[in-house]
Amino acid sequence: MKELNVSTEFLDVSTENTTAESFILSQPDGERTIIMATGATSTIDGVTARRLFGSAIAGKAKIFSTELSQVPTSGVLEMLKIAKGANVLRVLDLDVSPTVATTEAGLGDLNSVKMCVSDVEVLKPARHAAEELLLLWETNEPFTKEEVEAMPTKELASRLQALTGAKLVAITSGSEGSSLAMEGISLSVPAQSIGKMVDATGAGDAYFGGIIAALWHLGTPWTAPQDQQEALLQNFGQIANAVGGKCCLSVGGLPLNDFRVQQIIDIDPALAELFRNKISIPDSPFASASATETESFSFKTSFAQDAAVLQHNAKSADNSCLQNTLSALSHTALERVYVTGVGKSGFVGRRLAASLASISIPATYVPATEWVHGDLGHLNVPTATKENTVVIALSHSGETQEILSALESFPSEKCTTIAITSNSNSTLANKVNLSVPYALPQGDCEPLGKVPAGSIVAQEAVANAMVRGLIETKGVVIDTFKKNHPGGAIGVALGASP
């Protein structure tokens, strides 16, 4: 993996893990039969999946891909749930038929398979798996097996897209190529001639990798301008077909050491211009900016990225979460509010505490690391109750260890806990009494993928919503603010006496 420049950071290495074994019987025509004995992958249920990969998915990933092949559906569903909560793009490969997955492989039941394929944005089934999936789906007009087998792949992809709700469905059909469908668009992309096929092992996985590479470099085709979507979808099929075809030219499922992009272009010369431009377009939500783009970066660009974060949350925000939080903070018995966090979220927390204090909500900021060094005394006073004491914790990932450790020490009967986080399925969100979630749109709103920027904008917006809501809910008047803020230009403007 290291030789292929694949990160090993999130491999779980343990003496308790057993390696899966595959026996591949190749045929002269390049086709093959695979006999597989699953190892530790068959034990990755929901609990194990969250323990091993939860923080990596929620805190590191931009695109999360998995397949229904060896991992139980409970594990797949849990990882998809984590990815969805962290606003990570979800991509699923369905290379085995649903009945094989639920019988011989013993991964789960048919309902859990349907739940998996209905909870992703990109679905890539093989033709045989897609046919069975359509037959198993309960529709008002059920199809016969003969009708589905005779159905053009392009139509099959379109019907599955509508049934599953996936943004993109890509169905592979071996030497025939593939068909892709989004809402209102479906097309077939024929496979290019590769000459003699040596070994088809891994071709489906390679095609899947081609789709992921296209997502990374070209962006999500369903968010592209309407007049560009069909051409972009065609590019996706061309890239994935060519990568899958390249895989068939060598023995085994991994590329040779001398693999070059030119070899992909040799398979489909129509990709030459796309690769010449480094298959990167300015609107790609995942690809890093080129030198030219960096030189032209402007305030306008940055402001537009921040505005996109605010617009995304304006559309997706759950107002009931905010209302529940305002009720807790405007309770007549409220005596004290503590805001906590670390890092950049901690700075937002400091500002929130200061703003609350300025409208006469008694708020104090406590660094998350300080609770277990004496500040638990704020909560352990005899008079503290869930009605009069509130703790607000800020964590973008919802998995910040310092906050989770502090939370374990809080006397639950003496305070109401509230989380501000982007991950509504995080450990923090599941442990607090109330949660105010926000979300980041898919795109480059966090520089380098992880530098806090868009997340800070979103957290500040949530803090502003709390302050604005409390001013309205509690009927705070300007004279109250004037008494609390007599200094500075604001005090002068209000005519306050220093």
Side-chain angles (χ1 to χ4, degrees), residues 25 27-36 67-69 73 76 91-120 122-194 197 200-208 211 230 233-234 236-237 240-241 244-245 248:
L25 309 177
Q27 299 167 197
D29 62 357
E31 291 296 344
R32 77 283 183 226
T33 299
I34 301 177
I35 302 173
M36 179 174 289
E67 65 175 348
L68 284 178
S69 177
T73 53
V76 173
V91 188
L92 178 69
D93 187 3
L94 182 62
D95 209 31
V96 298
S97 64
T99 51
V100 170
T102 57
T103 54
E104 287 96 328
L107 304 180
D109 57 27
L110 289 175
N111 185 56
S112 63
V113 171
K114 289 173 67 175
M115 289 172 66
C116 287
V117 300
S118 298
D119 199 26
V120 295
V122 180
L123 175 64
K124 197 262 2 169
R127 167 83 201 204
H128 67 87
E131 289 179 1
E132 189 175 292
L133 196 58
L134 184 59
L135 287 169
L136 290 171
W137 215 277
E138 295 179 6
T139 62
N140 293 330
E141 299 179 9
F143 296 96
T144 65
K145 183 178 180 181
E146 292 73 20
E147 288 174 329
V148 172
E149 289 178 346
M151 187 178 293
T153 308
K154 181 170 72 171
E155 180 184 348
L156 181 58
S158 184
R159 290 186 179 277
L160 278 184
Q161 186 277 322
L163 284 174
T164 62
K167 299 291 187 182
L168 167 62
V169 171
I171 300 178
T172 53
S173 301
S175 59
E176 295 179 10
S178 60
S179 292
L180 300 90
M182 300 192 305
E183 185 176 1
I185 303 175
S186 62
L187 52 83
S188 293
V189 184
Q192 298 295 316
S193 175
I194 60 171
M197 181 169 67
T201 303
D205 294 326
Y207 179 96
F208 189 53
I211 291 290
E230 186 167 347
L233 199 60
Q234 179 79 20
F236 268 61
N241 277 357
C248 295

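When a residue number appears, it is its place in the shown sequence, counting from 1. Owing to the predicted nature of the structure, the values given are computational and were not obtained by experimental measurement.
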Point to revise | Gln192/Asn241 under side chain to side chain contact (heavy atoms under 4.5 Å, CB included): CA gap, chis, key distance, verdict | key: CA-CA 8 Å; Gln192 298 295 316; Asn241 277 357; over 6 Å; no
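- Evaluation of the salt bridge (Lys or Arg N to Asp or Glu O under 4.0 Å) test over residues 127-137, restricted to residues two or more places apart or in two chains, returns Arg127-Glu131.
- Considering all non-hydrogen atoms of both residues, Val76 and Leu68 come closest at CG2-CD2, 4.0 Å.
- Here the CG atom belonging to Leu163 is positioned 8.5 Å from the OG atom belonging to Ser118, to the nearest 0.5 angstrom.
- Counting only residues at least two apart or in different chains, salt bridge (Lys or Arg N to Asp or Glu O under 4.0 Å) contacts with residues 158-181 comprise Glu155-Arg159.
- For the pair Leu233/Leu168, a side-chain contact is recorded, criterion being any heavy-atom separation below 4.5 Å from C-beta on.
- Residues Ala191 and Ser175 come closest through the heavy atom pair CB-O, 3.4 Å.
- Considering only residues two or more places apart in sequence or on other chains, Ser179 meets the side chain to side chain donor-acceptor pair (under 3.5 Å) condition with Ser188.
- Taking Glu147 as the reference, nothing meets the salt bridge (Lys or Arg N to Asp or Glu O under 4.0 Å) condition, with sequence neighbours excluded.
- In this structure, the side chains of Thr73 and Met115 stay at 4.5 Å or more apart for every pair of heavy atoms.
- In this structure Ala130 satisfies the side-chain contact (heavy atoms from CB on, under 4.5 Å) test together with Pro125, Leu156, Leu160, Ile171, sequence neighbours excluded.
- Pro98 and Leu133 get closest at one heavy-atom pair: CG-CD1, 4.1 Å.
- Contact between Ala129 and Leu94 at its shortest, heavy atoms only, is CB-O, 3.6 Å.
- Here Ser178 contributes atom OG and Lys154 contributes atom NZ; the two are 12.5 Å apart, rounded to the nearest 0.5 Å.
- The line from CG of Asp93 to CZ of Phe208 is 5.0 Å long, rounded to the nearest 0.5 Å.
- When every heavy atom of Ala157 is checked against every heavy atom of Leu180, the shortest pair comes out as CB-C, 4.5 Å.
- Across Ala101 and Val96, no two heavy atoms sit closer than the pair CB-CG2, 4.0 Å.
- Trp137 places a side-chain heavy atom less than 4.5 Å from the side chain of Thr164.
- Within a 6.0 Å sphere centred on CD of Glu183, other residues, nucleotides and ligands contribute 12 heavy atoms or fewer.
- Residues that satisfy the salt bridge (Lys or Arg N to Asp or Glu O under 4.0 Å) test with Asp119, not counting sequence neighbours, are Lys84.
- Interatomic distance, CG of Leu135 versus CZ of Phe143, reported as 9.0 Å (0.5 Å rounding).
- With contacts defined as side-chain heavy-atom distances shorter than 4.5 Å, the pair Val91/Val120 does not qualify.
- Side chains of Leu136 and Lys114 form no contact here, defined as non-hydrogen atoms less than 4.5 Å apart.
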